[in-house]
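Working notes, beginning with the structure itself.
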Amino acid sequence: MAANGSAFYCRECVELLADYMDGTLSAQQKEQLEDHLSHCSPCVTFVRTYKATARLCRTHLAAAMPQELSNRLHNFLAHGLPPRKV
Amino acid sequence: MGATTHETGTAGAPPPAGEPLDRELVDRARAGDTAAFATLVQRHERQLYRLALRMTGNETDAEEVLQESFLNAWEKLPEFRGDAAFNSWIYRIASNCALMRLRRRRRAPDVPLEPERTSEDLPGPQFGEDGGYLRPPRSDWSLRADDALHNRQLGSAIETAVANLSEEYRVVFLLKDVDGLSNEAIADSLGLTVPAVKSRLHRARLALREKLGEYFGER
């Protein structure tokens with residue numbers, strides 16, 4: 001499903017998404033991509049679900065560190081660091 | 001685990017006003033000040049824990065990765081160049097420790113051999129000669145995703161999908177999308193070029209998007 005009347009296709013749109021999210025596309029690429037999105041609903045869906053993927057993963061994987069694990073780490077380092085050779 | 005937990009932190013965030021910069025703590029730790037080093041550990045342990053846990057898949061290994069990483073950092077601190085960010089440097093050490101541990105685990109005699117995954121195994125959209133989707137995305141599940149955010153099954157689907165990424169893709173994805181490092185910092189941490197980081201990140205996101213699409217019934 002290519003964009004009507006445009007040389008910019010869905011494949012190009014998907015390839016540019018990481019840079020699009022980073023805001024690092026050139027002005028021309030950004031315009032081409034947004035023009036494509038203005039008339040390609042599958043790509044709009046793709047972009048939304050691509051962004052949602054990063055958002056969902058970030059929320060789910062942001063594990064908090066158990067306090068006792070931190071305590072053990074500091075205890076380990078307090079006794080395990082070799083002295084500096086001067 | 002019903003433990004008291006630290007707040008999750010943001011990688012690379014500056015210290016609160018009045019607190020010493022990492023660079024100052026590094027200088028003191030390099031001279032043998034263990035209290036300064038303990039402050040650095042306290043500042044970065046949460047982010048490293050997240051990475052180690054998601055790379056190794058279990059808390060015991062994550063704890064050992066943290067111990068090994070900070071011990072290595074202490075020993076290598078005299079070689080640390082002050083012009084690099086301590087944050088990127090310690091991530092590099094922790095990433096290497098986690099990857100080494102995974103490789104050792106794969107070589108252990110009592111662990112069944114798993115085929116090493118390659119980038120060719122990563123799912124993603126496929127396109128025809130006309131540049132359009134072979135199978136266009138059918139449903140916009142992003143609208144339902146936030147409602148399902150606290151759904152345990154979704155959490156489990158995400159964990160499985162991330163765990164199934166090959167290591168070199170997983171580490172980039174975790175550093176960028178979970179810990180919020182810049183592409184440049186990830187490249188520096190992992191010894192990659194920025195284009196390689198971007199490529200791996202994009203492939204990882206595409207693969208995870210496919211898996212989440214399956215979860216939400218896109219296929």
Gap separating the CD atom of B:Gln42 from the OG atom of A:Ser70, nearest 0.5 angstrom: 6.5 Å
Part of B:Ala29 lying under 4.5 Å from any heavy atom of chain A: backbone
Segment of B:Arg205 engaging chain A (4.5 angstrom heavy-atom cut-off): both
Distance, nearest 0.5 Å, that separates CD1 of B:Ile158 from NE2 of A:His60: 4.0 Å
Max heavy-atom pair count under 4.5 Å with chain A, selected residue of B:Gly32, B:Gly124, B:Ala204: B:Gly32
Close aromatic pair by centroid cut-off 6.0 Å: A:Tyr9 and B:Phe127: no
Under 3.5 Å: donor-acceptor pair, side chain of A:Arg58, backbone of B:Asp177: yes
Close contacts, residues 15-23 of chain A versus chain B, judged by heavy atoms under 4.5 Å: A:Glu15, A:Leu17, A:Ala18, A:Asp19, A:Met21, A:Asp22
Atom group of B:Leu71 that falls short of 4.5 Å from chain A, counting heavy atoms: both
Which portion of B:Lys211 sits near chain A, non-hydrogen atoms under 4.5 angstrom: neither
Minimum heavy-atom distance A:Cys10-B:Tyr133, with the two atoms named: CB-CE1, 3.6 Å
Top contributor to chain B contacts, counting heavy-atom pairs under 4.5 Å, from A:Gly80, A:Pro82, A:Ala54, A:Cys13: A:Pro82
Non-hydrogen atoms of A:Arg11 and B:Gly128 that approach each other most closely: NH1-O, 3.6 Å
Region of B:Leu174 in contact with chain A, defined by heavy-atom distances below 4.5 Å: side chain
Heavy-atom proximity to chain B below 4.5 Å, by part of A:Phe76: side chain
side-chain contact (heavy atoms from CB on, under 4.5 Å) between A:Leu56 and B:Trp141, intermediate numbers included: CA-CA 12 Å; A:Leu56 285 176; B:Trp141 48 261; 4.2 Å; yes
CG on A:Leu69 to OG1 on B:Thr60, rounded to 0.5 Å: 9.0 Å
A:Thr49 and B:Arg209: side chain donor to acceptor below 3.5 Å: yes
CG on B:Leu212 to OG1 on A:Thr53, rounded to 0.5 Å: 5.0 Å
Region of B:Leu66 that comes under 4.5 Å of a non-hydrogen atom in chain A: both
Counterpart residues, ring pair (Phe, Tyr, Trp, His ring centres under 6.0 Å), relative to B:Trp74 (two or more places apart): B:Phe37
4.5 Å side-chain heavy-atom contact, B:Pro137 and A:Arg48: no
CD/B:Glu24: more than 12 non-hydrogen atoms of other groups inside 6.0 Å: yes
Donor + acceptor pair across side chains of A:His74, B:Glu45 (<3.5 Å): yes
Pairs of heavy atoms under 4.5 Å with chain B: top-ranked of A:Ala52, A:Ala78, A:Pro83, A:Cys57: A:Cys57
Distance, nearest 0.5 Å, that separates CZ of B:Phe173 from CG of A:Leu61: 6.5 Å
Note, A:Val14 side chain near B:Leu206 side chain (heavy atom, < 4.5 Å): yes
